[in-house]
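See structure below.
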2 protein chains.
Amino acid sequence: MHVSQLPLTALRAFEVAARHLSFKAAAAELHVTPTAVSHQIHQLESMLGVVLFERLHRGLALTAAARSCLQPLRNGFENLAQAMDALSEFREMGVLSVSAPPSFTLRLLMPITHQFLALHPEVDLNVTTRMREPWLASRSAKDEASVLREWVDTSDVVILFGGKPPLDVEVRELMPLSITLLCSPALLEGKGALRKPADVSGLPWLHDERGLKYGGMSFWQQWLRAAGIESSTPDRGHRFTHAALAIEAAVRGEGLVVTTPALCRAELAHGTLVAPFDISVPLEASYYLLARRGAPPRVRAFADWLCGALAR
Amino acid sequence: MHVSQLPLTALRAFEVAARHLSFKAAAAELHVTPTAVSHQIHQLESMLGVVLFERLHRGLALTAAARSCLQPLRNGFENLAQAMDALSEFREMGVLSVSAPPSFTLRLLMPITHQFLALHPEVDLNVTTRMREPWLASRSAKDEASVLREWVDTSDVVILFGGKPPLDVEVRELMPLSITLLCSPALLEGKGALRKPADVSGLPWLHDERGLKYGGMSFWQQWLRAAGIESSTPDRGHRFTHAALAIEAAVRGEGLVVTTPALCRAELAHGTLVAPFDISVPLEASYYLLARRGAPPRVRAFADWLCGALAR
DNA sequence: CCCTATTACGGTTCACGTAACTATC
DNA sequence: GATAGTTACGTGAACCGTAATAGGG
């Protein structure tokens with residue numbers, strides 16, 4: 001059969017299913033649902049007019065036809081994998097790919113990358129922003145661990161927000177995080193000014209997705225509790241998809257934001273944002289840096305530099 | 001690299017392009033446009049961070065990286081092709097797949113297949129109707145020969161209307177064709193009746209796509225010329241997508257049709273259609289039967305039977 | 001100027017997922 | 001009833017095509 005008309009996807013599904021003798025297990029390996037595997041096998045069977053599996057109660061059995069082609073099939077994919085690995089050897093050595101959440105990228109990473117590039121002019125940085133939740137939602141069959149594994153496999157450095165990821169890779173905690181209330185200094189003056197914590201109820205509250213959805217209580221709920229303020233509607237106010245957007249709104253004086261001050265260093269230094277009260281709640285979540293074990297020196301260099309830069 | 005994340009389509013494109021050292025030639029082999037190949041190669045290059053081709057003025061050159069993986073890649077696809085061929089050996093022997101144009105299927109093949117099935121009860125017939133023109137139009141990159149080749153590869157028997165196809169397969173002419181004017185006998189009586197050829201101008205003319213588009217002159221133009229009738233609007237009248245529909249309209253007395261009487265045997269025998277004049281134009285086109293060389297006995301049996309049945 | 005590859009943009013198909021169902025233990 | 005595979009149906013993304021562009025002889 002000619003290369004141009006090989007049903008590659010179906011063959012791959014068949015190879016994996018034959019190896020596991022289970023569509024379910026094959027689906028897990030392929031990061032899809034059993035339905036998809038069933039489709040592919042069915043397509044292959046009807047395209048060829050050959051039955052490949054005997055459907056037993058649990059699990060499957062290979063037919064003679066299936067057995068007859070299994071070895072070349074495995075060799076085939078084995079060879080393709082080999083070819084890919086051979087190519088990987090030639091990866092451009094100068095590029096360092098980093099994957100990080102959007103707000104981290106925008107507010108912590110991008111402002112300081114020039115420092116690293118100054119130290120390592122031979123490196124080309126390739127920064128990708130990725131969010132875990134939409135990614136997971138779109139690929140229902142993937143469990144979280146395998147998604148992270150995939151990210152670590154395709155990026156040199158991965159930055160995550162959350163708990164310590166249970167992966168067998170190099171993991172470093174970048175910095176402990178806390179949240180506090182921040183706002184434009186303009187809101188501290190004039191009519192309706194913010195003078196004591198209880199005054200927050202007179203001003204708009206700004207939220208971002210992570211502050212609302214991560215963990216049990218929203219960032220605002222946590223802060224209100226720490227401030228000893230009761231509110232029946234702790235999540236009222238404007239909502240933004242990214243912390244960076246909520247922060248920008250706060251800078252424009254549109255309201256009060258509860259976020260981690262680490263994301264607002266420049267604004268706090270300039271005074272365009274201020275922390276009016278000394279009420280701060282430590283977060284269990286943190287930023288973690290992941291990298292493959294045995295990664296090349298430039299990756300270690302970057303990880304070391306980033307840890308240092310953010311620790312300051 | 002793991003099987004589940006092999007970019008199979010891109011790898012295939014690369015293998016073919018590397019073999020030809022030309023995206024254009026690769027595109028032809030893959031039955032796609034050069035654009036598609038360019039996309040695939042680009043995707044592979046950027047996914048790996050490896051440049052695979054040096055783009056020269058005309059044609060391409062392989063980079064060291066590309067050369068390093070080419071052999072395993074070829075072996076890989078070679079093995080997959082082998083595996084597919086191994087499976088083909090196990091094809092269900094009972095089914096016989098036939099591909100034919102719609103009107104041929106409806107008016108010539110279906111009415112008589114029961115005869116064949118009576119002779120060969122062990123065979124399951126699988127009849128597909130396919131039209132060449134829309135198929136070709138939808139896949140611009142495929143030339144006619146390769147489409148036909150594909151059809152012959154995927155069907156045991158292919159019936160075509162047209163000139164003798166220049167393919168290296170078994171080709172038989174099923175029957176010489178001619179066209180003549182047919183109509184319901186009702187139109188030969190009463191007011192405005194059809195008594196001499198010139199009377200045709202007083203009645204609606206029925207056309208089908210093939211009669212209008214095949215070759216230089218439409219069926220009606222040819223017939224009018226043979227009848228010695230001048231018409232400034234030879235293609236006026238009702239149009240149908242298939243000859244079978246035009247014929248049915250003629251049976252209902254809706255007008256005059258110029259078509260091949262072979263498609264109307266039953267109606268001519270019953271007298272529900274008549275050929276009022278003895279003006280017949282032989283067609284250069286004909287129905288041809290194609291089958292793979294060395295096809296199994298049941299295919300030869302079908303071909304023999306069909307030739308015989310239609311020759312009567 | 002011609003030939004080949006690339007890019008932007010838009011469309012179609014194919015692979016996939018959800019949900020409901022079937023079958024077997 | 002639990003588990004695994006199947007089927008119907010709808011959706012999104014991957015793949016591809018058209019048209020316009022680049023670039024090199």
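Throughout, protein chains are lettered first and strands after them, A, B, ... in sequence-line order, and every chain is numbered starting at 1. None of the values given here were measured: they were computed from a predicted structure.
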Nearest-nucleotide pick for S38(A), side chain only, options being dA8(C), dA4(D), dT7(D): dT7(D)
Of the listed nucleotides dC9(D), dT6(D), dC16(D), the one nearest the side chain of H39(B): dC16(D)
Can you check the [X] [atom1] to [N] [atom2] distance for me, whole Å?
| X | N | atom1 | atom2 | result |
| --- | --- | --- | --- | --- |
| F23(A) | dT22(C) | CZ | P | 19 Å |
| L56(B) | dG25(D) | CG | P | 9 Å |
| M47(A) | dA15(C) | CE | P | 9 Å |
| L21(A) | dT3(D) | CG | P | 20 Å |
| L44(B) | dA14(D) | CG | C1' | 15 Å |
| H42(A) | dC16(C) | NE2 | P | 15 Å |
| H31(B) | dT13(C) | NE2 | P | 18 Å |
| R55(A) | dT24(C) | CZ | P | 13 Å |

Run the ring-centre check on Y288(A) versus F161(A) and record whether the distance is less than 6.0 Å. no
Return yes if some donor-acceptor pair links the side-chain N/O of [X] with the main-chain N/O of [Y] below 3.5 Å, else return no.
| X | Y | result |
| --- | --- | --- |
| S155(A) | V158(A) | no |
| S38(A) | P34(A) | no |
| R298(B) | V95(B) | yes |

[N], OP1 or OP2 - any side-chain N/O from [X] closer than 4.0 Å?
| X | N | answer |
| --- | --- | --- |
| Q43(B) | dC15(D) | yes |
| T35(B) | dG17(D) | no |
| Q40(B) | dA14(D) | no |

Could you pick out which residue, P34(B) or T9(A), lies toward the 5' side of DNA chain C when each is mapped onto its nearest nucleotide? P34(B)
State whether a side-chain donor-acceptor pair under 3.5 Å links H31(B) with E150(B). no
